[in-house]
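Below, read A as the first sequence line, B as the second, and so on, with proteins coming before strands; counting in each chain starts at 1. Values reported hereafter were calculated over all heavy atoms of this structure, with side chains retained and with hydrogens, waters and symmetry mates removed. Note that the structure is a prediction, hence the values are computed from the model and not measured.
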Amino acid sequence: MAEINFAEIEKKWQDAWEKEKVFEVSEKSEKEKYYVMEMFPYPSGEGLHMGHAFNYVIGDVYARYKIFKGFNVLHPMGYDALGLPAENAAIEAGVHPESYTNKAIKNYIEQQKMLGLSYDWNRMINSADSSYYKWDQWIFLKMLEKGLAYRKKAPVNWCRKCNTVLANEQVHNGKCWRHEDVEVEVKHLEQWFLKITDYVDELLDKIDDLDWPERTKTMQKHWIGKSYGTEIEFEINSEKWSVFTTRPDTIYGVTFMVVSAQHERLMELVTEEKKEEVKKFLKKLKSVSEKELEEMEKEGVFTGSYAVNPLTNEKVPVYAGNFVLAEYGSGMVMAVPAHDQRDFEFAKKYNIPIKIVIQPMEYEITSEKMARAFTGEGKLVNSEKFDGWDNKEAIDEITKFLKEKNLGRSSVQFKLRDWLISRQRYWGTPIPVIYCNECGIVPVPENELPVELPKNVKFGKGNPLETNEEFVKVRCPMCGSNDARRETDTMDTFVNSSWYFLRYCDPKNSSAIFDKKKVKYWMPIDTYIGGKEHATMHLIYFRFYTKFLRDLGLLDFGEPAKKLFHQGMLHGEGGIKMSKSKGNVVNPDKVSKKYGIDTARLFLLSLASPDRDRDWSEKGIQGTSKFIKRVWEFFEKYSKADMVSNPPPFPSPTHPDGGMNSETASNSQNKWFAHQFGNSSKRLESKLNKAIKEISENIEDFRYNLAVIKVRQLFFTIEEEKEISKKDLESFVKIFSVFCPHLAEEFWERIGNERFDERGEKRELKGESGREQKFVCLSSWPFADESKIDEELERVEKIMEKTIEDVNHIIGMIEKEVSKVYIYVVPGEIENFDVGVLSDRFGKQVEIFANNDKGKYDPEAKARKAKPGKPGIYLE
RNA sequence: GCGGGAAUGCCGGAGUGGUCAAACGGGCUUGGUUUAGGUCCAAGUAGCUUAGUGCUUACGAAGGUUCGAAUCCUUCUUCCCGCACCA
């Protein structure tokens with residue numbers, strides 16, 4: 001068998017697709033649009049690995065399928081090019097983020113092209129390009145204008161040696177990533193926020209309408225975290241502090257308060273003599289990361305201040321605690337140790353009194369004997385005028401009472417907080433704002449956008465942007481004073497990914513963020529594919545941005561993506577996470593060289609349902625490789641018989657330029673192949689149409705693994721058949737092409753759909769119809785003719801298989817040598833059994849009788865066992 | 001800690017209230033083809049039992065709902081994802 005020259009075939013078709021602009025689309029089409037996209041990647045210096053490839057192939061199969069089904073398919077790709085790793089590379093290796101990123105992008109594009117993906121490369125986006133981030137800045141200005149961008153103090157991780165803010169990822173065990181001896185400090189800085197909370201109700205309510213995985217929708221709901229409760233005013237040092245609680249019924253049981261250790265105004269509460277102690281406690285905070293805080297032991301320290309309970313006028317101590325979120329509610333909680341487990345543990349630890357205010361119905365609890373908080377229902381006690389109330393009813397009643405006294409009010413709280421977008425870093429979108437001593441915060445005028453990142457900056461100490469004086473020192477656009485200072489914070493890179501899907505619709509527009517008409521045509525995204533790790537952040541941010549842009553009047557819809565699909569993670573061999581440090585990164589280039597990229601594609605998709613995690617396996621791909629070779633050989637055999645007498649009139653992969661001469665070409669190409677094609681049997685037609693129907697459904701539902709199985713089975717059926725019609729073999733090639741596009745194009749060409757007209761002349765391709773014939777990927781999806789599906793045939797085939805299995809079973813069981821097989825069938829079924837087929841399968845002589853045949857040979861009366869669908873068997 | 005998932009033969013996985021648990025692939029065993037190896041072909045691959053049958057065991061563990069559970073509920077174990085400055 002000839003080796004398959006994958007590299008040559010892949011290159012040939014990738015070039016052809018590109019040259020003929022096969023996947024370039026425009027909104028000027030009669031066809032119905034379909035927008036499918038995968039989340040754009042951060043172009044890391046480590047390059048593309050198989051996990052990425054898997055993600056893109058999932059989208060590619062879907063896009064190709066939709067093209068087949070007659071849609072005008074937008075399938076774009078871009079690069080989320082701004083981000084921390086490029087900056088880390090600058091600090092550690094002295095590479096400028098721009099060159100690092102450009103190199104990485106170049107590498108990504110090259111690798112992605114090798115995967116044979118159906119992207120419209122014309123629409124490629126690079127978020128690090130100022131022509132893109134200009135519009136990030138533009139959106140920011142619009143938000144500022146609408147009051148959705150504002151400044152507020154917020155905690156950050158600070159390393160005093162780097163003299164800069166650290167990302168959570170740059171904090172290792174509370175120490176700086178570059179200075180193992182430096183404990184990270186928590187500092188408060190003025191930062192920019194986007195008021196996503198203005199959209200909180202819509203973000204929550206519209207989740208139900210989305211065709212997204214339920215688990216993701218649930219996660220978003222919990223993340224937004226709407227809860228109803230009561231805001232209660234406590235007085236501390238003659239100042240009002242309101243706290244949010246869902247349990248106002250326990251207000252008489254408050255024995256202390258806890259303010260978040262990261263609260264902006266914490267120090268206002270700390271008395272002079274407690275300052276040292278509190279500062280010492282704050283030093284223990286390892287980073288601002290909530291995950292780390294939650295994993296720390298719950299601890300606190302007394303601030304020296306007391307809060308006055310508005311209903312009892314009791315004074316209770318105020319603690320600073322590491323387990324209270326600064327951003328939720330007011331950053332302070334009232335603690336009721338008798339009825340909240342966390343408060344209970346805290347009270348036990350610091351010897352704070354426990355006061356029971358709810359007694360259960362069936363038994364009595366006492367504060368001395370309590371082993372844990374009582375969180376169940378019961379009657380209020382020690383609650384003055386509310387004694388005896390059912391605690392559930394008391395919730396409303398006490399809230400009402402507080403409201404009357406002007407000491408509180410019912411309130412709704414969300415876990416979702418405003419989006420902190422300020423980053424004290426270089427490789428991000430500059431925030432287009434100028435600070436003027438006279439005019440204050442001045443937005444950069446729209447016509448001065450983009451505010452470009454200056455190339456000349458120093459890395460390693462402080463915020464790089466501050467090292468470029470030309471950038472920082474500017475004239476105030478308002479008053480003209482030369483004393484103004486440019487904002488040196490850049491934006492969170494999630495900003496860039498919050499609207500890129502809109503830019504794909506009109507990627508080169510330099511006068512507007514996008515053309516409304518183009519966006520109206522393509523949007524919303526019909527199917528969005530990406531990892532589940534984005535369930536709560538990116539996938540909420542992009543919904544927020546869409547709603548904001550709608551309210552600006554640019555869009556007429558509020559949800560960016562109708563359908564969402566999460567692909568599973570690809571792990572390395574043996575289930576180990578793929579990473580450079582573990583040395584188990586599977587590189588698509590290498591796999592491609594060894595097995596062909598189509599083989600890798602098919603293997604990844606056949607492993608498991610695409611939404612499940614899977615492990616790469618060298619042995620596994622070998623199995624797929626075997627199948628691919630077999631398919632190749634089949635199509636090769638189709639032309640081999642003729643090669644003896646007639647060289648093929650098309651360039652074969654082994655003879656790139658060979659085989660072309662006018663004499664052979666003058667043999668009509670159809671005639672040339674005619675004798676190889678014939679009529680498909682009823683059996684083949686049945687199986688083919690069934691396969692088309694089921695494979696279509698499977699692809700539609702992202703059950704690619706099941707589709708692949710059916711493709712394999714269909715191929716085996718075709719292999720078994722003596723002849724096949726050209727149309728039916730074409731159907732197979734079409735289906736095969738969504739998974740293995742390069743090989744399929746090759747087969748398509750070979751079975752005579754390309755380049756030569758009836759006279760053997762090279763066909764001039766004009767317009768779309770020409771392209772459609774030239775490329776299998778632009779032909780149309782085979783129609784599933786359900787009238788040709790013969791279930792009876794399938795049933796009969798099963799009976800045959802079962803009979804064969806039974807015979808083999810018996811042969812394996814009995815001692816004696818078997819030379820003849822006798823089969824006794826009920827009279828109506830006798831035509832289902834084919835002596836020739838059966839003797840072939842057993843390699844033995846076979847005789848078949850009707851069980852009522854008087855002349856039959858049946859020494860052990862096995863004919864009696866014959867039932868419909870289950871013949872009697874005798875062996876000797 | 002909080003929120004969301006997952007667990008099925010030797011392995012990867014199908015199957016989400018009954019018709020069939022293990023489709024399909026891989027591995028392994030036996031036999032055939034082959035100069036040999038690979039390829040390829042055939043049969044087998046929980047246990048007992050039987051001329052093709054029947055029974056038992058079996059879907060992470062333990063309970064529960066149901067006439068009936070891999071599938072629904074509860075608790076637990078292990079693993080994965082996210083937790084707001086990684087993207």
Side-chain angles (χ1 to χ4, degrees), chain A residues 1 39-42 44 80 82-85 88 154-157 165-171 191 213-223 225 287-298 323 325 327 342 415-425 428 492-494 496-497 531-538 540-541 566 568-569 571 575 577 603 606-609 611-615 617 619-624 626-627 629-630 633 703 705-706 708-710 712-713 802-814 841-843 860 862 865 870-875:
Chain A
M1 185 196 82
M39 289 178 185
F40 69 166
Y42 175 77
S44 111
D80 190 12
L82 295 165
L84 191 62
N88 289 347
V156 292
N157 305 309
V165 174
L166 300 179
N168 286 340
E169 202 188 51
Q170 293 171 317
V171 179
Q191 314 211 46
E214 278 312 313
R215 58 179 196 263
T216 304
K217 297 208 272 186
T218 309
M219 263 198 259
Q220 289 212 348
K221 284 181 191 170
H222 286 289
W223 184 263
S287 95
V288 299
S289 154
E290 265 170 40
K291 183 169 56 173
E292 287 207 22
L293 282 174
E294 287 288 339
E295 278 161 3
M296 280 166 74
E297 204 188 329
K298 309 285 165 278
F323 59 95
L325 293 177
E327 305 292 330
R342 267 215 302 209
K415 276 209 198 86
L416 183 75
R417 336 194 262 262
D418 280 341
W419 179 8
L420 194 171
I421 58 155
S422 287
R423 297 291 182 271
Q424 292 68 38
R425 264 187 272 291
D492 179 3
T493 56
F494 272 122
N496 308 296
S497 54
K532 57 180 179 285
E533 67 273 18
H534 292 291
T536 48
M537 301 183 68
H538 163 62
I540 285 182
Y541 295 144
H566 293 309
M569 293 249 295
H571 299 295
K577 202 171 173 165
F603 167 62
S606 53
L607 262 176
S609 176
D611 56 342
R612 292 184 61 136
D613 294 352
R614 75 249 356 266
D615 302 343
S617 139
K619 274 208 163 154
I621 194 171
Q622 282 168 14
T624 306
K626 237 160 48 181
F627 173 74
K629 280 185 184 155
R630 202 159 144 180
E633 267 181 89
R703 289 147 70 89
N705 54 327
L706 301 183
V708 170
I709 289 167
K710 282 158 197 157
R712 293 176 81 124
Q713 283 170 338
K802 179 73 179 122
T803 304
I804 289 163
E805 201 183 305
D806 287 349
V807 170
N808 281 323
H809 189 167
I810 303 167
I811 290 173
M813 199 172 330
I814 58 177
R841 287 288 290 268
F842 300 132
E860 289 191 14
K862 296 290 184 192
K865 286 203 162 191
K870 189 172 163 60
I873 298 163
Y874 176 68
L875 307 179

J.: Considering only the P atoms, how many Å lie between rA87(B) and rC79(B), rounded to the nearest integer?
T.: 28 Å
J.: Assess whether a salt bridge exists between K532(A) and D611(A), defined as any Lys/Arg side-chain N lying under 4.0 Å from an Asp/Glu carboxylate O.
T.: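 Looking at K532(A) and D611(A), the cut-off is not met.
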J.: For rA58(B) versus rA70(B), give the span between their P atoms, rounded off to a whole number of Å.
T.: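 Rounded to whole Å, the distance is 10 Å.
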J.: Where do L84(A) and Q170(A) come nearest, in terms of heavy atoms and distance?
T.: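 Residues L84(A) and Q170(A), closest heavy atoms: CD1-NE2, 3.7 Å.
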J.: At less than 4.0 Å, is any side-chain N or O atom of T493(A) found next to OP1 or OP2 of rA87(B)? Yes or no.
T.: yes
J.: So what does V165(A) touch, heavy atoms closer than 4.0 Å: a base, only the sugar-phosphate, or nothing?
T.: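 V165(A): base contact, heavy atoms under 4.0 Å.
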J.: What interatomic distance, in whole Å, is found between C1' of rU33(B) and the corresponding atom of rU56(B)?
T.: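 Here rU56(B) and rU33(B) have their C1' atoms 40 Å from each other.
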J.: Which is true for S609(A) with a 4.0 Å heavy-atom rule: it touches a base, it touches only sugar-phosphate, or it touches nothing?
T.: sugar-phosphate
J.: Nearest-Å distance, CG (L420(A)) to P (rC83(B))?
T.: 15 Å
J.: Mind checking if K298(A) touches a base, just sugar-phosphate, or nothing, with heavy atoms under 4.0 Å?
T.: nothing
J.: Using the side-chain heavy atoms of K291(A), tell me which of these nucleotides is nearest: rA84(B), rG4(B), rA43(B).
T.: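 Per side-chain heavy atoms of K291(A), the pick is rA84(B).
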J.: Below the 4.0 Å mark, does rC2(B) have OP1 or OP2 next to a side-chain nitrogen or oxygen of K415(A)?
T.: no
J.: When you measure from the side-chain N and O atoms of S287(A) to the phosphate of rC85(B), is any distance below 4.0 Å, counting only OP1 and OP2?
T.: no
J.: Let's see if you can work this out: which of rG82(B), rG4(B), rC85(B) has an atom nearest to the side-chain heavy atoms of T536(A)?
T.: rG82(B)
J.: When the C1' atoms of rG82(B) and rU29(B) are considered, how many whole Å apart are they?
T.: 46 Å
J.: For H534(A) and rC81(B), what is the distance between atoms NE2 and C1' respectively, to the nearest whole Å?
T.: 11 Å
J.: Which of the following nucleotides, rG44(B), rA43(B), rC81(B), is nearest to the side chain of E805(A)?
T.: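 Within the option list, the nearest is rG44(B).
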J.: Any donor-acceptor pair under 3.5 Å between the side chain of E294(A) and the base of rC83(B)?
T.: no
J.: Tell me the interatomic distance from D80(A), atom CG, to rC86(B), atom P, rounded to whole angstroms.
T.: 14 Å
J.: Nearest whole angstrom, please: distance from the P of rC80(B) to the CZ of R215(A).
T.: 16 Å
J.: Sub-3.5 Å donor-acceptor pair from the side chain of N496(A) to the main-chain atoms of T493(A), do we have one?
T.: yes
J.: Taking the nucleotide of RNA chain B with the closest heavy atom to each, which residue, D806(A) or G623(A), is nearer the 5' end?
T.: G623(A)
J.: For RNA chain B, whose closest nucleotide is more 5', that of M569(A) or that of N705(A)?
T.: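 Its nearest nucleotide lies further toward 5', so the answer is N705(A).
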J.: If you measure from the P atom in rG47(B) to the same atom in rA42(B), how many Å do you get, rounded?
T.: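 Approximately 24 Å lies between the P atom of rG47(B) and that of rA42(B).
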J.: I'd like the P distance from rU8(B) over to rC80(B), given in whole Å.
T.: 15 Å
J.: Roughly how many Å is it from CD1 in I540(A) to P in rA87(B), rounded to a whole number?
T.: 18 Å
J.: Are E633(A) and R630(A) ion-paired here, with the side-chain N under 4.0 Å from a carboxylate O?
T.: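 R630(A) and E633(A): not salt-bridged.
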J.: Is any side-chain heavy atom of H566(A) closer than 4.5 Å to one of R215(A)?
T.: yes
J.: Is H538(A) touching bases, backbone alone, or none of the nucleic acid, heavy atoms closer than 4.0 Å?
T.: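 Result for H538(A) = nothing.
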J.: Should the pair Y541(A) and F494(A) be assigned to parallel (<30°), tilted (30 to 60°) or perpendicular (>60°) ring geometry?
T.: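 Ring orientation of Y541(A) relative to F494(A): tilted.
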J.: Where does rG44(B) fall, syn or anti, if syn means a chi angle no more than 90° from 0?
T.: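 This nucleotide is in anti.
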J.: Does R423(A) reach a base, just sugar-phosphate, or nothing at all? Heavy atoms under 4.0 Å.
T.: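 Result for R423(A) = base.
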J.: Taking atom types as they are modelled, is there a donor-acceptor pair under 3.5 Å from the base of rC85(B) to the side chain of Q191(A)?
T.: yes
J.: Where the side chain of L607(A) is defined as all heavy atoms beyond and including C-beta, which of rG82(B), rA84(B), rG12(B) is the nearest nucleotide?
T.: rG12(B)
J.: Check every strand shown and say whether F323(A) touches a base, only sugar-phosphate, or nothing at a heavy-atom separation below 4.0 Å.
T.: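 No contact.
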J.: Could you tell me the Watson-Crick or G-U partner of rA42(B), where both distances fall under 3.5 Å? Say none if there is no partner.
T.: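 Per the H-bond distance test, rU30(B).
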J.: When the P atoms of rG60(B) and rC41(B) are considered, how many whole Å apart are they?
T.: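 Nearest-Å result for rG60(B) against rC41(B) at atom P: 34 Å.
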J.: Mind checking G872(A) for me? I need base, sugar-phosphate or nothing, with any heavy atom below 4.0 Å counting as a touch.
T.: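 Answer is base: heavy atoms of G872(A) come under 4.0 Å of a base.
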J.: Describe the nucleic acid contact of K710(A) in one word from base, sugar-phosphate, nothing, applying a heavy-atom distance below 4.0 Å.
T.: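 Here K710(A) touches no strand at all.
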J.: Between P on rG13(B) and CG on D611(A), what's the gap in Å once rounded to a whole number?
T.: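 Going from D611(A) (CG) to rG13(B) (P), I get 12 Å.
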J.: Considering Watson-Crick and G-U wobble pairs with both distances under 3.5 Å, what does rU71(B) pair with?
T.: none
J.: Which nucleotide, in any strand shown, forms a Watson-Crick or G-U wobble pair with rA58(B), with both distances under 3.5 Å?
T.: none
J.: Does Q713(A) reach a base, just sugar-phosphate, or nothing at all? Heavy atoms under 4.0 Å.
T.: sugar-phosphate
J.: Under 4.0 Å, heavy atoms only, any strand: does V708(A) hit a base, just the sugar-phosphate, or nothing?
T.: nothing
J.: In whole angstrom, give me the gap between the C1' atoms of rG12(B) and rG63(B).
T.: 32 Å
J.: Please determine whether a side-chain nitrogen or oxygen atom of R712(A) lies at a distance below 4.0 Å from atom OP1 or OP2 of rA23(B).
T.: no
J.: Between rC85(B) atom P and R417(A) atom CZ, what is the distance in whole Å?
T.: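 Value for this atom pair: 8 Å.
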J.: Output the single nucleotide from rG4(B), rC85(B), rA87(B) whose closest atom is nearest the side chain of V156(A).
T.: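 When the side chain of V156(A) is considered, rC85(B) is the closest of rG4(B), rC85(B), rA87(B).
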J.: Could you tell me whether K415(A) and E290(A) have a side-chain N and a carboxylate O separated by less than 4.0 Å?
T.: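 The answer is no: the pair does not qualify as a salt bridge.
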J.: Report which part of the nucleic acid A535(A) touches: base, sugar-phosphate, or nothing (heavy-atom distance under 4.0 Å, all strands).
T.: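 The residue A535(A) makes no contact with any strand.
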J.: Contact class for P871(A) (heavy atom, under 4.0 Å): base, sugar-phosphate, or nothing?
T.: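 Since a base atom lies under 4.0 Å of P871(A), the category is base.
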J.: Spell out, as yes or no, whether a donor-acceptor pair under 3.5 Å connects the side chain of D615(A) to the backbone of H571(A).
T.: no
J.: Report the base-pairing partner of rC83(B) (Watson-Crick or G-U wobble, both distances below 3.5 angstrom), or none.
T.: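 rC83(B) is paired, partner rG1(B).
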J.: Between N705(A) (side chain only) and S606(A) (backbone N and O only), is there a donor and an acceptor less than 3.5 Å apart?
T.: no
J.: Does the Q191(A) side chain pair with the main chain of L420(A), one donor and one acceptor, at a distance under 3.5 Å?
T.: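 No, Q191(A) side chain to L420(A) backbone: no donor-acceptor pair under 3.5 Å.
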J.: Both distances under 3.5 Å, Watson-Crick or G-U wobble: report the partner of rU77(B), or none.
T.: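 Base-paired to rA7(B).
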J.: In whole angstrom, give the distance that lies between atom NZ of K626(A) and atom C1' of rC40(B).
T.: 10 Å
J.: Using a 4.0 Å heavy-atom cut-off, does G620(A) contact any base of the nucleic acid, only the sugar-phosphate backbone, or nothing at all?
T.: nothing
J.: Considering just the side-chain nitrogens and oxygens of R612(A), establish if one lies under 4.0 Å of OP1 or OP2 belonging to rC79(B).
T.: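 Negative; the distance criterion is not met.
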J.: For a quick check of understanding: with a heavy-atom distance under 4.0 Å over all strands, which category does I873(A) fall into, base, sugar-phosphate or nothing?
T.: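 The answer is base, as I873(A) lies within the cut-off (heavy atoms under 4.0 Å) of a base atom.
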